[in-house]
Enquirer: 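Starting off with a structure, shown below.
Because only heavy atoms are used, hydrogens play no part in the values below, and waters and symmetry mates are left out as well, while side chains stay in. Atoms within each ligand, like the ligands themselves, are counted from 1 in listed order. This chain uses plain numbering: 1 for the first residue, then up along the sequence.
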Amino acid sequence: MMARIFSGIQPSGELHIGNYLGAVKNWVQLQHQFETFICIVNYHAITAPYAPVDLERRTHEMAVGLLAAGIDPSKATLFVQSQVPEHTELAWIFNTLTPFGELERQVAFKEKSAKQEQVMAGIFNYPVLQAADILLYLADLVPVGEDQVQHLELSRVIARNWNSRFSPNAPYFPEPQPRLTPTRRIVGLDGQAKMSKSLGNTIGLLDEPDAIWEKLRPAPTDPARQRKTDKGDPDKCPIIFQLHKAFSTDSTVREVETNCREAKWGCIDCKKSLLAGMVAELTPIRERATELNADPKKITDALELGSSKARKVAKTTIREVKEKMGLPLAVGGA
Ligand code: ADP
């Protein structure tokens, strides 16, 4: 059997270049080598306060962004989590096999809960649903950014716990491994936190060149470089040099590095050169998104088709899991 990959993305805001460089670009390449499942994880998105109309719109926009970035529905199964109810069914089962202490020490939980007055159990249990998302498809590899590595470690613990209880002789669930890109963590425009939909420090994948420039222009660079005549250190430039490495050609990256170290360029020159690289890569994506936006039904149909393909696999897993656990199947199916 061809190895399977699974990855998810929350429809909690705009698709940004951190998502693109850390995950989506990788998915576009991997869909040719693996059986690929890409899920828009709306059950994860509702763990933060939201308005229903926004969620529906963002789910649609996320699908447009992913298809425009190069996800090909004839290669990858692109679907919406809430259209495959087996995700929550397996998550409940996994809750019974997840040590509380493992959830308590998740960094993402500590960060998210610190920001809220009242912490809901959904945020605490988020990595359990994530384990269910992945293991429902018996996925071997999970192409994600660095922020997800600890969650994935927990998915392996859950797989191991389930296997040792219910399938001790032949492990049923694989232990999924992360697959990182060279740009595994993109820093946000504040130069501090990771770029994230929920932090408002993003550059949108579909932003127009003018909008990108408005964000690049004030972005912080090497703090020791006060004047254009000061020599800079690209390794101390948290955002711009990192993005050059992702979007510019190797020769441009070398040129940028020399010109910064020798104070031949000011930071604005360097940012203009970055803008050119970004516009070259992102313009075709933005144009494809415009075409897709002209036909909303095509998107809804693609998602429904993907969800029904995903559901076939999910039903088989749930049936096998319930059989091994002594749980009668649902009437008329899994
Ligand atoms: P966000 O934090 O923006 O809400 P998600 O949690 O939906 O993003 O993550 C979607 C994918 O994008 C995951 O694989 C995640 O690892 C990756 N990702 C998110 N932010 C970044 C970032 N700043 N750098 C690299 N990868 C990222």
Side-chain angles (χ1 to χ4, degrees), residues 5-31 34 36-50 54-55 58-59 61-63 65-66 69-71 76 78-82 87 106-113 115 122-123 126-127 129-131 133-134 139 141-155 176-207 215 219 238-243 245-247 278:
I5 64 176
F6 174 92
S7 209
I9 188 157
Q10 296 191 69
S12 51
E14 67 169 0
L15 185 59
H16 56 78
I17 59 169
N19 299 136
Y20 174 68
L21 297 171
V24 177
K25 206 173 165 178
N26 209 7
W27 303 345
V28 172
Q29 284 167 5
L30 295 171
Q31 67 183 341
F34 296 98
T36 301
F37 292 85
I38 305 293
C39 183
I40 301 177
V41 290
N42 51 357
Y43 275 138
H44 288 277
I46 64 171
T47 58
Y50 72 99
D54 289 340
L55 183 62
R58 285 177 175 154
T59 303
E61 286 170 0
M62 183 55 70
L66 294 173
I71 298 296
L78 174 67
F79 68 104
V80 180
Q81 191 180 29
S82 65
H87 285 251
Q106 296 295 313
V107 174
F109 167 68
K110 287 188 209 160
E111 283 175 3
K112 283 187 200 163
S113 56
K115 279 187 243 144
I123 293 187
Y126 189 110
L129 179 58
Q130 199 171 332
D133 298 337
I134 297 163
L141 278 181
V142 187
V144 283
E146 199 169 61
D147 55 323
Q148 294 299 331
V149 169
Q150 195 189 22
H151 283 166
L152 213 54
E153 211 174 279
L154 181 59
S155 296
Q177 302 296 327
R179 171 108 172 207
L180 296 166
T181 59
T183 40
R184 51 183 62 185
R185 182 180 186 273
I186 297 293
V187 174
L189 286 166
D190 48 8
Q192 313 259 325
K194 74 156 193 164
M195 187 176 282
S196 177
K197 297 182 204 93
S198 54
L199 299 177
N201 59 1
T202 58
I203 296 180
L205 186 66
L206 304 178
D207 275 356
K215 292 176 183 174
I239 310 161
I240 304 299
F241 190 57
Q242 188 189 36
L243 292 181
K245 285 192 274 188
F247 285 107
M278 291 181 68

Enquirer: Out of all atoms in ligand 1, which are within 4.0 Å of some heavy atom of K194? Include the element for each.
Expert: 2 (O), 19 (C), 20 (N), 23 (N)
Enquirer: Can you see whether T181 engages N26 through a side-chain donor-acceptor pair at a distance of less than 3.5 angstrom?
Expert: no
Enquirer: For Q10 and ligand 1, does the shortest N/O to N/O distance drop below 3.5 Å?
Expert: yes
Enquirer: State the atoms of ligand 1, each with its element, that fall below the 4.0 Å cut-off from a heavy-atom position in A23.
Expert: 11 (C), 12 (O), 14 (O)
Enquirer: Counting each atom of ligand 1 from 1 as listed, which ones have a heavy atom of G22 under 4.0 Å away?
Expert: 25 (C), 26 (N)
Enquirer: Under 3.5 Å between any N/O of P143 and any N/O of ligand 1: does that happen in this structure?
Expert: no
Enquirer: For atom 24 (N) of ligand 1, what is the closest protein heavy atom, and at what distance to 0.1 Å?
Expert: I186 N, 2.8 Å
Enquirer: Using a 4.0 Å cutoff against the non-hydrogen atoms of H16, which atoms of ligand 1 qualify?
Expert: 3 (O), 20 (N)
Enquirer: Over 60° means perpendicular and under 30° means parallel, so classify the ring planes of F79 and F37, tilted if in between.
Expert: perpendicular
Enquirer: Is the distance between the ring centroids of H44 and Y126 less than 6.0 Å?
Expert: yes
Enquirer: Does V28 offer a backbone N or O that forms a donor-acceptor pair with the side chain of Q31 under 3.5 Å?
Expert: yes
Enquirer: Going by the atom numbers of ligand 1, which of them fall below 4.0 Å from some non-hydrogen atom of Q148?
Expert: 16 (O)
Enquirer: Return the residue, atom name and 0.1 Å-rounded distance of the protein heavy atom closest to atom 15 (C) of ligand 1.
Expert: D147 OD1, 3.4 Å
Enquirer: Just need the protein heavy atom nearest to atom 1 (P) of ligand 1, so name the residue and atom and give the distance.
Expert: K197 NZ, 3.5 Å
Enquirer: Is it true that D147 and R184 have a side-chain N and a carboxylate O under 4.0 angstrom from each other?
Expert: no
Enquirer: For ligand 1, is there an atom lying under 4.0 Å from some heavy atom of H44?
Expert: no
Enquirer: Can you tell me which residue and heavy atom of the protein come closest to atom 12 (O) of ligand 1, and the distance to 0.1 Å?
Expert: N19 ND2, 3.2 Å
Enquirer: Under 4.0 Å, heavy atoms only, figure out whether ligand 1 is touched by the backbone of S196, its side chain, both or neither.
Expert: both
Enquirer: For G145, counting its heavy atoms only, list the atoms of ligand 1 lying under 4.0 Å from any of them.
Expert: 14 (O), 15 (C), 16 (O), 26 (N)
Enquirer: Mark up the atoms of ligand 1 that fall under 4.0 Å of a heavy atom belonging to I9, in ascending order.
Expert: 7 (O), 10 (C)
Enquirer: Suppose I only count heavy atoms of M195 and a 4.0 Å limit; which atoms of ligand 1 are within that range?
Expert: 20 (N), 21 (C), 22 (C), 23 (N)
Enquirer: State whether the side chain of N201 and the backbone N or O of S196 hold a donor-acceptor pair below 3.5 Å, judged by distance alone.
Expert: yes
